[in-house]
Amino acid sequence: MAETDRDRVQDTCETSAEESARLHFIREAIEEDNRAGRFGGKVHTRFPPEPNGYLHIGHAKAIWLDFGMAQDYGGQCNLRFDDTNPAKEEQEYIDAIMEDVRWLGYDWEDRLFFASDYFDQLYVWAVQLIQAGKAYVDHLSQEEMREYRGTLTEPGKDSPYRNRSVEENLNLFEQMKNGAFAEGECVLRAKIDMKSGNINLRDPVMYRIIHAPHPRTGSKWCIYPMYDYAHGQSDSIEGVTHSLCTTEYEDHRPLYDWFLDALGIFHPRQIEFARLNLTYTVMSKRRLLRLVQEKYVSGWDDPRMPTLRGMRRRGYTPEAIRAFCEAAGVGKRATTSEIEMLEHYLRQDLNKRSPRVMAVLRPLKVVITNYPDDQVEEMDAVNNPEDPEAGTRKVPFSKVLYIEQDDFMEDPPKKFYRLAPGREVRLRYAYFLTCQEVIKDDLGQIVELRCTIDPATRGGDAPDGRKVKSTLHWVSAAHALESEVRIYERLLTNPDPGALEEGQDFTDLINPNSLEVLPTCYVEPSMKDAPAGSFYQFERLGYYCVDSDSTPDKLVFNRTVGLRDDWAKLQKSS
RNA sequence: UGGGGGAUAGUUCAACGGCAGAACAGCAGGUUCUGGCCCUGUCGAUCUUGGUUCGAAUCCAGGUCCCCCAGCCA
């Protein structure tokens with residue numbers, strides 16, 4: 001009994017993504033360590049953002065991996081801000097990042113850390129390295145240092161300050177800390193190997209002088225550790241077992257090892273994976289910032305932005321993003337996933353969970369000539385065919401309706417199944433409808449359809465068993481809620497915005513029609529009090545969510561993603 | 001002509017010396033009160049040249065191509 005219960009609980013708790021969890025090379029590495037008892041079987045990871053920007057879908061992959069691996073192996077994941085450069089970092093970003101990580105569904109519990117928490121320890125260690133003759137204060141200017149560093153193919157040469165005595169270095173570093181020097185006057189460097197093929201090992205800077213207040217340590221310090229000097233030790237201090245990072249840090253690993261070994265402290269295992277790229281998407285902070293600053297989008301949370309706030313506002317769900325990450329997999333080669341895959345997992349999630357509703361975006365008036373003027377019927381409509389528990393609702397039907405302009409053609413091509421003169425279709429959950437007459441204005445534009453219904457088909461089925469080729473969604477004009485709908489297309493016209501031609505800027509690739517506002521749409525009255533963030537499937541159209549701009553007087557919707565549309569595909573191909 | 005990493009269907013990921021598979025995308029059907037969902041079928045790949053082996057995507061050697069590194073950014 002107890003066993004079957006447990007089995008059932010497990011069955012229902014495991015999502016399909018987890019069931020299909022792949023044994024990618026990082027899981028393999030972790031399991032290998034666990035088998036060998038390398039970290040006492042423990043798995044402890046961390047997500048280490050710099051608070052100098054908003055999180056985007058690329059970060060989601062890292063978050064999913066960092067927190068996900070800890071979750072999968074019964075470990076823990078810290079959130080640690082790598083806040084080593086006060087010139088660039090702000091509290092605003094710290095708050096935003098925490099909000100986004102939580103939204104993605106992850107919890108660092110009481111393990112919120114900052115690299116700045118370790119500034120004292122890092123300083124002590126720096127002194128220790130100086131005493132061991134492994135670090136020195138350098139007075140080379142920035143330009144000189146670049147020259148001395150050599151190039152990719154030529155070795156560097158030693159700084160003339162490289163052989164200062166331990167006492168002198170200790171004294172100089174102390175003065176650096178005390179603010180005796182201006183920014184740029186000198187730095188503390190690790191004494192490693194100016195001839196190394198790995199440029200990271202050519203006496204990297206450990207500390208530089210920045211006379212700026214830090215969001216967390218205030219004016220306590222005027223010297224700040226470089227990321228490379230802080231990162232490995234921060235992981236070490238936190239007892240991070242598996243330090244997951246992107247491939248560009250692969251050749252920093254020897255440097256982290258050098259610091260860890262020189263200091264004789266705990267040694268995490270770093271594993272590198274390829275960062276996520278998406279077609280039709282720019283991900284760099286610089287480009288994202290330009291989109292915002294140059295007003296190509298309305299802000300960091302514009303629904304067209306690949307930021308987590310943008311995607312959240314667009315109507316993406318954390319479940320869909322996580323399922324996508326799992327499906328996209330983990331590798332080491334530089335790749336670009338197709339955005340269609342992301343959209344597939346979005347639709348898959350939304351299909352399961354969205355209440356269905358009828359909404360007409362581009363209204364065409366239909367008058368039912370054989371329907372009583374004042375009559376209103378309440379039609380039963382299914383809320384979600386994928387979820388019987390969701391139940392049904394009533395939708396009002398009356399003499400004057402709106403249907404979608406796309407659902408009528410006066411002169412239909414062969415494969416067009418929808419309404420046309422003399423043709424009968426079904427109004428979903430209502431009646432069979434036949435178009436009797438097309439009314440046009442002076443310009444020849446269709447302004448109204450005169451139609452009749454078959455009263456015997458109430459509810460949507462014909463007692464004589466006759467079939468129709470299509471079913472249309474509709475709203476009752478007298479009952480509909482007028483609302484605004486914002487349709488989003490890809491922000492960029494090129495799937496690979498990284499590959500620009502000579503003299504081309506990525507902003508040249510911006511789609512001028514990425515946002516279309518439809519100010520006069522009609523949605524069924526059941527949505528009257530829909531709160532911001534709630535999501536629906538507009539039947540036959542797509543998934544839509546209520547935008548934060550929505551008011552009780554006028555609902556505003558974002559199109560999250562359209563339904564797959566074979567008819568549109570057919571039209572495009574012909 | 002330095003160092004590090006990588007190369008499997010259109011895309012992303014599997015196959016860990018033993019029948020090259022999946023998902024997404026595409027195409028063709030079926031089903032349907034959503035041209036949705038679902039179902040079925042189908043197209044389609046081991047960078048290259050040698051070697052080892054009964055057998056190689058996998059091991060070895062050479063070549064080619066791609067990505068990252070010359071911040072007092074992270």
Side-chain angles (χ1 to χ4, degrees), chain A residues 20 22-24 28 48-50 52 82-85 87-89 138 140-142 145-146 149-156 183-189 195-202 204-210 224 226-228 230-231 246-254 272 274 276 279 285 324 326-345 347-348 351-352 356 358 381-382 385-386 415-418 425-430 432 459-461 467-473 495 537-542 562-570:
Chain A
S20 63
R22 281 202 289 257
L23 193 64
H24 52 68
E28 265 173 10
E50 183 192 14
N52 73 340
D82 275 336
D83 55 346
T84 55
N85 187 350
K88 294 190 174 177
E89 296 148 7
D138 197 346
L140 244 30
S141 73
Q142 235 170 117
M145 203 182 281
R146 195 185 319 124
R149 186 158 32 229
T151 67
L152 292 178
T153 51
E154 302 163 84
E183 286 188 17
E185 221 178 314
C186 54
V187 294
L188 183 72
R189 289 229 252 173
K195 294 179 177 59
S196 173
N198 182 344
I199 292 176
N200 296 122
L201 264 21
R202 315 237 265 231
V205 173
M206 293 165 59
Y207 273 93
R208 75 295 214 188
I209 295 162
I210 302 175
Y224 290 92
M226 296 289 290
Y227 172 88
D228 277 345
H231 190 81
T246 44
T247 49
E248 63 265 34
Y249 291 106
E250 204 146 11
D251 51 15
H252 292 236
R253 181 150 38 94
E272 305 85 7
L276 173 75
T279 54
K285 272 172 188 160
F324 165 71
E326 181 73 53
V330 185
K332 293 198 69 157
R333 59 176 160 152
T335 55
T336 303
S337 290
E338 290 175 334
I339 197 157
E340 287 82 357
M341 179 145 81
L342 210 209
E343 290 174 341
H344 165 80
Y345 287 96
R347 289 193 187 99
Q348 180 176 280
N351 176 52
K352 278 189 308 218
R356 270 56 175 183
M358 291 198 284
V382 173
E386 307 292 325
K415 293 263 172 102
F416 185 84
Y417 301 151
R418 285 109 94 145
V425 299
R426 171 168 38 232
L427 293 175
R428 191 149 162 87
Y429 302 124
F432 280 16
D461 282 304
K467 301 287 185 200
V468 288
K469 288 280 264 186
S470 81
T471 298
L472 310 186
H473 61 276
Q537 184 197 101
F538 289 0
E539 293 225 34
R540 303 210 304 131
L541 296 176
L563 251 26
R564 279 186 61 118
D565 188 348
D566 282 349
W567 167 239
K569 226 184 284 175
L570 224 168

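Below, chain A is the first sequence line, B the second, and so on; all start at residue 1. If you're wondering where the values come from, they're calculated on a predicted model, not measured in any experiment.
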B:G26 to B:G21 separation - P atoms, rounded to the nearest Å: 23 Å
Nearest-nucleotide check on RNA chain B, A:A430 vs A:T335; residue mapping nearer the 5' end is A:T335
I'd like the P distance from B:C16 over to B:G10, given in whole Å. 23 Å
Those residues at least two apart in sequence (or on a different chain) that pass side chain to side chain contact (heavy atoms under 4.5 Å, CB included) with A:Q142 are none
Base, sugar-phosphate or nothing for A:F416? Non-hydrogen atoms, less than 4.0 Å. base
Is the backbone N or O of A:G460 less than 3.5 Å from a side-chain atom of A:R426, with the two atoms forming a donor-acceptor pair by type? yes
Separation of the P atoms in B:A57 and B:A15, to the nearest angstrom: 15 Å
Please report the closest heavy-atom contact between A:E89 and A:D82, naming both atoms and the distance. OE2-O, 3.5 Å
Counting Watson-Crick and G-U wobble pairs with both distances under 3.5 Å, what is the dot-bracket string for RNA chain B, 5' to 3', using [ ] for crossing pairs and | for pairs to another strand? .((((((..((((....[..)))).(((((.......)))))....(((((..]....))))))))))).....
Distance check needed: B:U11 P versus A:E340 CD, whole Å only. 13 Å
What is the distance, to the nearest angstrom, from the CD atom on A:E326 to the P atom on B:A14? 11 Å
Using the side-chain heavy atoms of A:M341, tell me which of these nucleotides is nearest: B:G35, B:U12, B:C37. B:U12
Can you check whether any acceptor in the base of B:U34 is under 3.5 Å from a donor in the side chain of A:Q537, or vice versa? yes
Expected output: side-chain A:R564 to main-chain A:H344 donor-acceptor under 3.5 Å: no
Starting at atom CD of A:Q348, determine the distance to atom C1' of B:G36, rounded to an integer number of angstrom. 14 Å
Listed by chain and number, what are the salt bridge (charged side-chain N to carboxylate O under 4.0 Å, His left out) partners of A:R202, not counting sequence neighbours? none
Donor/acceptor link under 3.5 angstrom from A:E272 side chain onto base of B:G5: no
Please determine whether any donor N or O and acceptor N or O are separated by less than 3.5 Å between the side chain of A:R418 and the base of B:G35. yes
Closer than 4.0 Å, any side-chain N/O of A:H473 to the OP1 or OP2 of B:U34? no
What is the nucleic acid contact for A:E250, judged by heavy atoms within less than 4.0 Å: base, sugar-phosphate only, or nothing? sugar-phosphate
Hey, does A:T336 reach any base, or is it just sugar-phosphate, or nothing, if we go heavy atoms under 4.0 Å? sugar-phosphate
Minimum heavy-atom distance between A:T84 and A:R208, given as atom pair plus value: O-NH1, 3.3 Å
What nitrogen or oxygen pairs link the protein and nucleotides 56-58 of chain B at under 3.5 Å?
none

Rounded off to whole Å, could you give me the NZ-to-P distance for the A:K195 and B:U1 pair? 23 Å
For atom P, what is the distance between B:G62 and B:G4, given to the nearest Å? 14 Å
For A:P254, side chain to side chain contact (heavy atoms under 4.5 Å, CB included) partners two or more places apart: A:N198, A:L201
Nucleotide B:C24, atom P - distance to CD1 of A:I339 in whole Å: 17 Å
If you look at every heavy atom in A:I210 and A:N85, which pair is closest and at what distance? CD1-OD1, 3.6 Å
Suppose we screen for ring pair (Phe, Tyr, Trp, His ring centres under 6.0 Å). Which residues come up paired with A:Y207, at least two apart in sequence or across chains? A:F173, A:Y229
Taking only residues two or more places apart in sequence or in another chain, which ones pass salt bridge (charged side-chain N to carboxylate O under 4.0 Å, His left out) with A:E248? A:R275
Name the closest nucleotide to the A:E338 side chain, picking from B:A23, B:G36, B:G10. B:G10
Determine the interatomic distance between C1' on B:A56 and the same-named atom on B:A20; round to the nearest Å. 12 Å
For this output row, return yes or no: ring centroids of A:Y417 and A:W567 closer than 6.0 angstrom. no
Classify A:V468 by what it touches in the nucleic acid, base, sugar-phosphate, or nothing, heavy-atom distance under 4.0 Å. nothing
Hey, what's the ring geometry for A:Y345 with A:F324, parallel, tilted or perpendicular (30° and 60° as the breaks)? tilted
To the side chain of A:A328, which of B:G35, B:U12, B:C37 is closest? B:U12
Whole-Å C1' distance, B:U11 and B:U48: 23 Å
Would you measure the distance from the C1' atom in B:U12 across to the matching atom in B:U49 and give it in whole Å? 29 Å
What's the closest nucleotide to the A:H24 side chain, out of B:G36, B:A14, B:A25? B:A14
Among all residues two or more places apart in sequence or in another chain, which pass the salt bridge (charged side-chain N to carboxylate O under 4.0 Å, His left out) test with A:R347? none
Return yes if a side-chain donor-acceptor contact under 3.5 Å exists between A:T247 and A:E250, otherwise no. no
For B:G63, glycosidic torsion class - syn if within 90° of 0, otherwise anti: anti
Rounded to whole Å, the CG-C1' distance (A:D461 to B:U34) equals 15 Å
Could you check whether A:P155 gets within reach of a base, just the sugar-phosphate, or nothing at all, counting any heavy atom under 4.0 Å? nothing
Rounded to the nearest Å, what distance is computed from the CZ atom of residue A:R202 to the C1' atom of nucleotide B:G3? 9 Å
As an exercise, state the distance from CG of A:L541 to CD of A:E539, rounded to the nearest 0.5 Å. 9.5 Å
Just call it for A:R347: base, sugar-phosphate, or nothing, with non-hydrogen atoms closer than 4.0 Å on any strand. nothing
In B/S/- notation (B base, S sugar-phosphate only, - none; protein heavy atoms under 4.0 Å), nucleotides 42-47 of chain B written 5' to 3' is ------
Could you check whether A:R253 pairs with A:E272 (Lys NZ or Arg NE/NH1/NH2 to Asp/Glu carboxylate O, under 4.0 Å)? yes
Indicate whether the side chain of A:R540 and that of A:H473 have a donor and an acceptor atom separated by less than 3.5 Å. yes
Walk along nucleotides 27-32 of chain B from 5' to 3' and tag each nucleotide B, S or - by protein heavy-atom contact under 4.0 Å, base first, then sugar-phosphate. S-----
Any sub-3.5 Å donor-acceptor pair from A:T151's side-chain atoms to A:E154's backbone N or O? yes
Can you measure A:F324 atom CZ to B:U11 atom P for me and round it to whole angstrom units? 15 Å
Which heavy atom of A:T336 sits nearest to which heavy atom of A:T279, and what is that distance? CG2-N, 3.5 Å
Reading nucleotides 67-74 of chain B from 5' to 3' and marking B where a protein heavy atom lies under 4.0 Å of the base, S where only the sugar-phosphate is that close, and - otherwise, the string is -BBBSBSB
What interatomic distance, in whole Å, is found between P of B:A45 and the corresponding atom of B:A22? 14 Å
Please name all residues satisfying salt bridge (charged side-chain N to carboxylate O under 4.0 Å, His left out) with A:D138, sequence neighbours left out, ordered by chain then number. A:R189
